[in-house]
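When reading the values below, keep in mind they use all heavy atoms of this one structure, side chains included, and skip hydrogens, waters and symmetry mates.
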Amino acid sequence: MGFWIIVAALAIAIGAVLALTLLRGRVGDAPPAAYDLQVYRDQLKEVDRDLARGVIGEDEAQRLRAEVSRRVLAADAQLRLGGEDGGQPRAAGWLAAGLIVAVIAGGGILIYGQVGAPGYRDLPIAKRIAASDEARAARLSQDEAEARFGPQGQSVPEGTSQDYLALIEQLRKTVKERPEDQQGLQFLVRSEAALGNMSAARRAQQQLIALKGDATTAADQAMLADLMINASAGYVSAEAETALREALRLDPREPSARFYLGLYLIQVDRPDGAFRTWQALLEESTADAPWVAPIRAQIEDLAARAGVKYALPPAGDLRGPTAEDMDNAAGLSAEGRQDMIRGMVAGLAERLATTGGSAEEWARLINAYGVLGELGKARQVWTEAQVVFAANPAMLDTLRAAAANAGIAE
């Protein structure tokens, strides 16, 4: 409230100064025009005195008298038109003054209400960083985040068969009986995630990482963070941040970890770090990578919060071998076709391994390896893709179709 009182007082004071200028202050009780008329008459007398002393000649005196007399006539006319007050009518002056005060005070408050931040206290950079550090220290644990933000109860996805549920239940029992079975844990992580049991999936992933020890990869840690964040409806807990940092320590270019790290930085009020992280990831990603759409939807506002002038670049196109590329390859000789496909596949495989990509691109890589007859590599990509897209059944269906086409589906 104190802020608004100060703003209103300043606006009214400035408006009042301008209004008083408009009303033209007086000297004593005389109107302004009468004062001017007296000055001009004194100037006429001064011309006569200068002529008598020989300071000016008769011609100069005549010219000065004519100029001052013209001013006398103008002042006298103004005095007669303005009445006793002289100048503009008094009521019009007060009306104009009132309008000036209203426009300055009311307009200033209105503009501030639109572009300012009423109610917010000053936040220097040092205080903002300190507040961010406090927010980091106060992050909820994963269990607390799931209890507060996670789904209440468990529902089976529509269309899930009872036979499939029975198989998952059997898998749970098997893993419980054989807790050191890494392959069983991998299947359990994917199965629980496909059913929407993110809490169970992240616990299984934690168990798998503990078993792997030093053999844990950046993808393993990124998968753990992804499951944690999905289990808590987008909240990045303290444990999820630890998993993200570890993933990026193992592979600084791991794309999903970079995306979630940006989300975490937003949640702890560090838009500067979040913008830098997302901008670099966006520039390195394909147009349909799963993190591109949410980044493009938020990065301009994020840049504004970070104090950065940023223009969102146009969306790019998918890269990698397409169905048309495959058809063109089919028209070549066997040796030419193999060389053409290998050249395209090498670039796509390297990019997916370093920056990631969409399910469609992973499917293209599987199909390409199938055409080349390199079923071992196709099977390896299919296995990795199942881990990457374990939480998205629709994308898994796309990949499964590609695996079936390549003859490696389970």
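- Within the model, atoms CZ of R190 and CD of Q386 stand 4.5 Å from one another, a figure rounded to the nearest 0.5 Å.
- For the atom pair CD of E60 and CZ of R65, the computed distance is 11.0 Å after rounding to the nearest 0.5 Å.
- Closest approach of S232 and F149 over heavy atoms only: O-CB, 3.3 Å.
- A heavy-atom distance below 4.5 Å is found between the side chains of E192 and R172.
- Distance check, rounded to the nearest 0.5 Å: OG of S191 to CG of L171 gives 5.5 Å.
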Steps toward side-chain contact (heavy atoms from CB on, under 4.5 Å) verdict (L282, L312): CA-CA 10 Å; L282 184 62; L312 186 66; 4.0 Å; yes

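- Taken from CZ in R400 to CD1 in I366, the straight-line distance is 10.5 Å, to the nearest 0.5 Å.
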side-chain contact (heavy atoms from CB on, under 4.5 Å) assessment of V308 paired with L302: CA-CA 9 Å; V308 177; L302 186 61; over 6 Å; no

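- Between F259 and W278, the ring planes lie parallel to each other; the angle is under 30°, not in the 30° to 60° tilted range.
- Nearest heavy atom pair, residue T216 against residue L250, reads O-CD1, 3.6 Å.
- Shortest non-hydrogen contact noted between G262 and T277 is N-CG2, 4.2 Å.
- Counted by atom type alone, Y264 and E241 present one or more donor-acceptor pairs between their side chains at under 3.5 Å.
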Working for side-chain contact (heavy atoms from CB on, under 4.5 Å), residues L261 and R245: CA-CA 8 Å; L261 180 63; R245 301 285 186 186; 3.7 Å; yes

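- Side-chain atoms of D272 and L265, non-hydrogen and from C-beta on, never get closer than 4.5 Å to each other.
- Scanning all heavy atoms of the two residues, the minimum distance from W382 to A403 falls at CD2-CB, 3.8 Å.
- Residues D220 and I209 come closest through the heavy atom pair O-CD1, 3.7 Å.
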Could you list the donor-acceptor pairs under 3.5 angstrom formed between side-chain atoms of residues 180-188 and any protein atom two or more places apart in sequence or on another chain?
from: D181; atom 1: OD1; to: Q183; atom 2: N; distance (Å): 3.3
from: D181; atom 1: OD1; to: G184; atom 2: N; distance (Å): 3.1
from: D181; atom 1: OD2; to: R178; atom 2: NH2; distance (Å): 3.1

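- Using a 4.5 Å heavy-atom threshold, the side chains of I266 and R305 count as touching.
- Once rounded to the nearest 0.5 Å, the distance linking CG of L208 with CE of M223 reads 10.0 Å.
- Side chain of E254 to main chain of A257: a donor-acceptor pair is present (N/O by atom type, distance under 3.5 Å, no hydrogens or angles).
- P271 has its side chain within reach of D269: a pair of non-hydrogen atoms, C-beta onward, lies under 4.5 Å apart.
- Under 4.0 Å is where a charged nitrogen must lie from a carboxylate oxygen, and between E284 and R258 at least one such pair does.
- Salt-bridge formation is detected for the pair E67/R71: a Lys NZ or Arg NE/NH1/NH2 atom is positioned less than 4.0 Å from an Asp or Glu carboxylate oxygen.
- In this structure, the side chain of S285 engages the main chain of L281 through a donor-acceptor pair within 3.5 Å.
- The side-chain heavy atoms of I56 and V47, taken from C-beta on, include a pair separated by under 4.5 Å.
- Closest approach of L263 and G234 over heavy atoms only: CD2-O, 3.7 Å.
- Contact of the Y369 side chain with the Q380 side chain is not registered, since no non-hydrogen atoms from C-beta on lie closer than 4.5 Å.
- Rounding to the nearest 0.5 angstrom, the gap separating the CG atom in L227 from the CZ atom in R203 is 11.5 Å.
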From CA spacing to verdict: side-chain contact (heavy atoms from CB on, under 4.5 Å), W291, Y260: CA-CA 9 Å; W291 49 82; Y260 283 125; over 6 Å; no

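- A donor-acceptor pair under 3.5 Å is absent between the side-chain atoms of D226 and the main chain of A222, judged by distance alone.
- Using modelled atom types, one side-chain atom of Q207 and one backbone atom of P179 make a donor-acceptor pair closer than 3.5 Å.
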Indicate every side-chain donor-acceptor pair of residues 134-144 with a distance under 3.5 Å to a residue at least two apart or in another chain.
from: R139; atom 1: NE; to: V236; atom 2: O; distance (Å): 3.2
from: R139; atom 1: NH2; to: V236; atom 2: O; distance (Å): 2.9
from: R139; atom 1: NH2; to: Q267; atom 2: OE1; distance (Å): 2.5
from: S141; atom 1: OG; to: E144; atom 2: N; distance (Å): 3.3
from: S141; atom 1: OG; to: E144; atom 2: OE1; distance (Å): 3.3
from: Q142; atom 1: OE1; to: S237; atom 2: OG; distance (Å): 2.6
from: Q142; atom 1: NE2; to: E146; atom 2: OE2; distance (Å): 2.8
from: Q142; atom 1: NE2; to: M228; atom 2: O; distance (Å): 2.9
from: D143; atom 1: OD1; to: R202; atom 2: NH2; distance (Å): 2.7
from: E144; atom 1: OE1; to: S141; atom 2: N; distance (Å): 3.0

